[in-house]
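Any value given below was found using the heavy atoms of this structure, including those in side chains, with hydrogens, waters and symmetry copies removed. Numbering of ligands and ligand atoms starts at 1, following listing order. When a residue number appears, it is its place in the shown sequence, counting from 1.
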Amino acid sequence: VIKNTAQDVDASYTGTADALRAVEQLMFDVVDCDVTLLRDASRHILEAGGKRLRPRLALLSYAAVGGTRIADVVPVAAAIELMHTASVVHDDINDHGVVRRGRPSVNAIWGRTFALLTGDYLFTKVYELMAPYQDYNIVLAEAAVALVEGETLQASAVKEGNFTREVYYEIIGRKTAALFRAACRLGGSLGGATLEQIDALAAFGYQIGLAFQIIDDVLDLTASTDAIGKSAGLDLAQGKGYAAAYANGQEPVAVAEASGHNSTDPMETIKRKLLKGDAIGEARMTARSLVDNAVAMLDVLPDGPNRDALAEVALSLVEREF
Ligand code: IPE
Ligand code: IPE
Ligand code: MG
Ligand code: MG
C-alpha cells in the first residue's frame, strides 16, 4: 500500500502544484549519485511519497506574503523535506520501525548501518541545497539542532522514567514543531514578509507542529499500521508519546519502567484506560485549540487563497486519519 503520495498533494493545492513538482524533481536530482546504495535507499524513501507538509507550508507561506518568484523558494522547500526525510530514516532505526510511508523502512531493507548512512546522506544534502542562501541557513540549522535535542530528550526521558507532560511538550516542540516553524518562517522571509508577518508565520508553524505531533501520537495509539503507513503502537510499547505523558501527568509513574520489561500487562492496562477515558478526546481538543490559535495569527497576512490554503493545511492536520 502506498499512502499519501505527492500526487495527492498536488491535486489539492493547485496554486503551488508546479512548485511542489519542482521540489520533487530537485530532491531526486540531488540524491542521484554513483554510490548505488545511497541512491537506491534515498529513492526508496522519497518515492514512497509522504504528505510533503513542510515544503507545502514553506511554499504557501512564501506565496501568502506576496512572493512571486516561486523558483527562489523551491531549493529551500526541498532542503526542508530532505531534512525531514533524513529524520524519519533515523527515527525508524531508533524506534525499530519496520514500515514507513506504506513500505518497508530503510532499516528493514538495508539494515541499521545503511539506514544510518542514508539518513546522514540526506542530512548532508541539505547543506548543498542551502549553500546559496546565506543567513537563511541559520534558520534551518536551528531546526536541525532542535530536532536532535528533542529526540535526545525523548530517549533520556524514557530511560530516566520522567516522561511527564511538561517534558512531553518540551520534546515535541523541538523534535517536530521547530521544523514546521522553520518552514513557515523561511517561506515568509524569502517572500519578503514584514517582521510582524514573519513572527506570525513562525508562531503559526510552531503551534501547528505541536498539534500535528499530538495527533500523530493519538494515531500511533488508535490507528493500524496499514492506515497510517508506518509501524503503529510503538510509542506505548516504548513508553513515550502522548500516552506516556498522559499516564504520567506531572508525576512519572509506571509507564517507563513497564516499557523496559516484556510484561505487556501494565502497558495494556494503560492503553485500555486511555482508550476508555477522555485522553484521546483531550488530546484532539488540545490539538484543535492550538490550530485555532495558529490560524488566528494569520490575520496579519494579506487576505487571499494562499492564506486560506495555509489555514486549510493547519485544519487538515487535526482532522487527519493517517
Ligand atoms: C512523521 O511526519 C514524523 C513526525 C514528525 C511525526 P509526517 O507524518 O509528516 O511524515 P510523512 O512525510 O508524511 O511520511
Ligand atoms: C517523529 O517522531 C519525530 C521525528 C523528528 C522523526 P515519531 O517517532 O513519533 O514519528 P513516527 O510516528 O515514527 O513518524
Ligand atoms: Mg521517534
Ligand atoms: Mg517513530
Side-chain angles (χ1 to χ4, degrees), residues 1-9 20 23-24 27 44-58 77-78 80-108 115 119 122 143-144 146-158 163 168 171-183 205-206 208-221 223 225 227-244 259 283 287 313-314 316-322:
V1 203
I2 299 179
K3 291 268 170 201
N4 323 329
T5 61
Q7 283 84 344
D8 293 340
V9 171
L20 269 170
V23 168
E24 286 302 304
M27 291 195 295
H44 170 84
I45 186 72
L46 288 173
E47 276 165 4
K51 295 177 285 296
R52 304 297 196 248
L53 284 170
R54 297 152 188 84
R56 203 202 301 174
L57 287 166
I80 291 166
E81 183 63 16
L82 285 182
M83 184 180 289
H84 161 62
T85 308
S87 83
V88 298
V89 171
H90 281 175
D91 181 68
D92 285 331
I93 303 174
N94 287 332
D95 294 353
H96 308 280
V98 293
V99 179
R100 174 66 62 178
R101 296 175 170 171
R103 290 181 161 192
S105 60
V106 174
N107 48 302
L122 296 169
L147 201 158
V148 176
E149 289 171 347
E151 286 289 318
T152 307
L153 286 174
Q154 174 172 265
S156 309
V158 171
F163 211 111
Y168 173 73
I171 289 167
I172 68 171
R174 295 194 204 201
K175 78 168 186 176
T176 304
L179 189 55
F180 277 78
R181 175 172 58 198
Y206 190 79
I208 68 171
L210 293 176
F212 172 80
Q213 185 65 54
I214 292 170
I215 296 299
D216 192 77
D217 289 348
V218 165
L219 294 173
D220 182 85
L221 208 59
T225 296
I228 58 177
K230 60 187 180 185
S231 303
L234 293 180
D235 288 350
L236 200 59
Q238 294 166 6
K240 62 194 181 203
Y242 190 87
S259 68
V313 171
S316 75
L317 300 185
V318 286
E319 305 298 339
R320 72 197 173 105
E321 300 295 331
F322 52 79

Item to check | Name of the D91 atom (N/O/S only) found closest to the Mg ion (ligand 4) | outcome: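 Distance check against the Mg ion (ligand 4) picks out OD2 in D91.
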Item to check | Name of the D95 atom (N/O/S only) found closest to the Mg ion (ligand 4) | outcome: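 Restricting D95 to its N, O and S atoms, the minimum distance to the Mg ion (ligand 4) goes to OD2.
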Is it true that a side-chain atom of [X] and a backbone atom of [Y] form a donor plus acceptor pair closer than 3.5 Å?
X	Y	answer
R101	R103	no
R181	G209	no
N107	D92	yes
H44	P104	yes

Ligand 1-proximal atoms of [X], by part, heavy-atom distance under 4.0 Å:
X	result
R101	side chain
R52	neither
K175	neither

Find all atoms of ligand 1 within a distance of less than 4.0 Å from any non-hydrogen atom belonging to [X], and give their numbers and elements.
X	answer
R54	2 (O), 5 (C), 7 (P), 9 (O)
T176	5 (C)
K230	1 (C)
G50	11 (P), 12 (O), 13 (O), 14 (O)

Next on the checklist: In terms of relative ring orientation, are Y242 and Y168 parallel, tilted or perpendicular, with 30° and 60° separating the classes?
Outcome noted: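 Ring orientation, 0 to 90° scale: perpendicular.
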Checklist entry - Is there any N or O on Q213 that sits under 3.5 Å from an N or O of ligand 1? => result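 Min N/O separation from ligand 1 is not below 3.5 Å for Q213.
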Checklist entry - With a 4.0 Å cut-off, would you call D91 and R100 a salt bridge? => result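 Salt bridge present between D91 and R100.
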Checklist entry - Quick one: do K240 and D95 make a salt bridge, cutoff under 4.0 Å? => result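 Result for this pair is yes, salt bridge flagged.
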Next on the checklist: Just to be sure I'm reading this right: ignoring hydrogens, which of R320, K51, H84, E81 gets closest to atom 8 (O) of ligand 1? Compare them by their nearest heavy atoms.
Outcome noted: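 Of the listed residues, K51 has the closest heavy atom.
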Checklist entry - Does E151 put an N, O or S atom under 2.8 Å from the Mg ion (ligand 3)? => result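 So E151 does not count as coordinating the Mg ion (ligand 3).
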Next on the checklist: Looking at every non-hydrogen atom in both residues, tell me the closest pair between E81 and P55 and how far apart they are.
Outcome noted: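 Answer, listing the atom of E81 first, then P55: OE1-CD, 3.0 Å.
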